[in-house]
Asker: 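Take this structure first; my questions come after.
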Amino acid sequence: MANLDKIIKEALSDIVALKILYNEPMSRYTSLSAGGKADALIIVENEEQLIEVIKRLRKERIDLLPVGNLTNIIVRDGGYRGAILLMKGFNAIDYSNTPEGAHYIYAQAGAALASVVNRSLAEELTGLEFCAGIPGSVGGAVRMNAGAYGKEMKDVIDSVFLFDAEDGKKELPRQHIAFGYRNSGLPPEAIILAANFSLQKGQCEQIKKAIQEIVQWRKEKHPLEYPNAGSVFKNMPGQPAGKLIEELGMKGMNCGDAQVSLKHANFIVNKGKATASDILKLIALIQTRVKKEKGISLEPEVVIIGED
Ligand SMILES: Cc1cc2nc3c(=O)[nH]c(=O)nc-3n(C[C@H](O)[C@H](O)[C@H](O)COP(=O)(O)OP(=O)(O)OC[C@H]3O[C@@H](n4cnc5c(N)ncnc54)[C@H](O)[C@@H]3O)c2cc1C
């Protein structure tokens, strides 16, 4: 399909102060440092801009994809036909409480999880420690129902603020969201604007200690020295994907510069110039071997987008 940059340019030409990069290599943004070009990367600074962009692109039937920190995305080498919306300006974080003793942190979609964890520590609130060291944004973490150490986003979310072209802006209470394993169940076209987290009063020193221990554990166990996208495959109940891959002796296996990490078998690292195709070939190789030798179909946890 032809590049859509010209149509996008025309549709958005008169939106004041909107930053758009055309034919932008996504390898500059993905945590794997790989991936093809997006027809347009739109850096959205506020709700007004976002709503206008969505309205106009939907009218032109242009695909659009909101992203946060691109730490869970593989963009195929042929690139993304449409517009990627980087929720850059959406980074406000606020604290509130009620006379009944409820405590909330409100965070916009583009806020880094790390900043939300820091803010909850500053307010002496416990509940979000499990997010320490997850390098994503609030929007990405809500969409993926990110989790670690037996806890997930769904355990701390009170409500999610969404925008979609049909219904406009709305707040969905936690009970109305069908969260699953690494999946929020939210409609694919919904754009997450912000989330409210319900947290408890805790003790500063204990919260700090828990965060430090998690960050230290991650440094020891995860190959943070190379570009990666976290866990590549979803774990099966009682059978972590990394363990299955390691048992088949696949640590260190490579396709070009894409390598199954020597430190953690459920991570693929980019040792230099890996392309998305190298990474996807390695993913397919792992899936074939695990299926053949263990009878298990591994499902990617990473979101794969774009054209070959
Ligand atoms: C070193 C490392 C460690 C990791 N550890 C963990 C871990 O312990 N647990 C875990 O769950 N994950 C982990 N991850 C994966 C990743 O960090 C999380 O999934 C994170 O929540 C993704 O956030 P992001 O902002 O990078 O999302 P992106 O990669 O930008 O996007 C992920 C998905 O969310 C969608 N999305 C993003 N923003 C919005 C929005 N505003 N509205 C609607 N949809 C949106 C995107 O379209 C895409 O489908 C790790 C990754 C790395 C690199």
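Whatever order the structure lists ligands and atoms in, that order sets their numbers, starting from 1. Only a predicted model underlies this, so the values are computations on that prediction, with no experimental measurement involved.
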Asker: Could you check which of N72, I84, L70 puts a non-hydrogen atom nearest to atom 15 (C) of ligand 1?
Answerer: N72
Asker: Taking only heavy atoms of V67 into account, list the atoms of ligand 1 that are under 4.0 Å away from them.
Answerer: 30 (O), 37 (C), 38 (N)
Asker: Sort out for me which residue in D5, L41, I42, V53 forms a side chain to side chain contact (heavy atoms under 4.5 Å, CB included) with I20.
Answerer: I42
Asker: Using distance alone, decide if ligand 1 has a nitrogen or oxygen within less than 3.5 Å of any nitrogen or oxygen in H222.
Answerer: no
Asker: Between G140, G136, P66, flag the one that comes closest to atom 46 (C) of ligand 1 by a heavy atom.
Answerer: P66
Asker: Short list, please: which atoms of ligand 1 are under 4.0 Å from a heavy atom of P135?
Answerer: 2 (C), 3 (C), 4 (C), 17 (O), 50 (C), 51 (C), 52 (C), 53 (C)
Asker: Under a 4.0 Å heavy-atom limit, does L224 contact ligand 1 with its side chain, its backbone, both, or neither?
Answerer: side chain
Asker: Can you tell me which residue and heavy atom of the protein come closest to atom 22 (C) of ligand 1, and the distance to 0.1 Å?
Answerer: T71 OG1, 3.5 Å
Asker: Run down the list I134, V138, V232 and name the one with the heavy atom closest to atom 14 (N) of ligand 1.
Answerer: I134
Asker: Which residue in the set F197, Y95, F161 passes ring-ring contact (aromatic ring centres under 6.0 Å, His included) when paired with Y106?
Answerer: F161
Asker: Heavy-atom distances under 4.0 Å decide this one: backbone, side chain, both or neither, for L186 against ligand 1?
Answerer: neither
Asker: Which residue and non-hydrogen atom of the protein lie closest to atom 41 (N) of ligand 1, and at what distance in Å?
Answerer: I192 O, 3.0 Å
Asker: Does ligand 1 have any atom that is closer than 4.0 Å to a heavy atom of A190?
Answerer: yes
Asker: Looking only at heavy atoms, is any part of A109 under 4.0 Å from ligand 1, and if so is it the side chain, the backbone, or both, or is it neither?
Answerer: side chain
Asker: If you measure from atom 10 (C) of ligand 1 to every heavy atom of P188, G230, G147, which option wins on shortest distance?
Answerer: G147
Asker: If we only consider heavy atoms of R218, is any one of them less than 4.0 Å away from an atom in ligand 1?
Answerer: yes
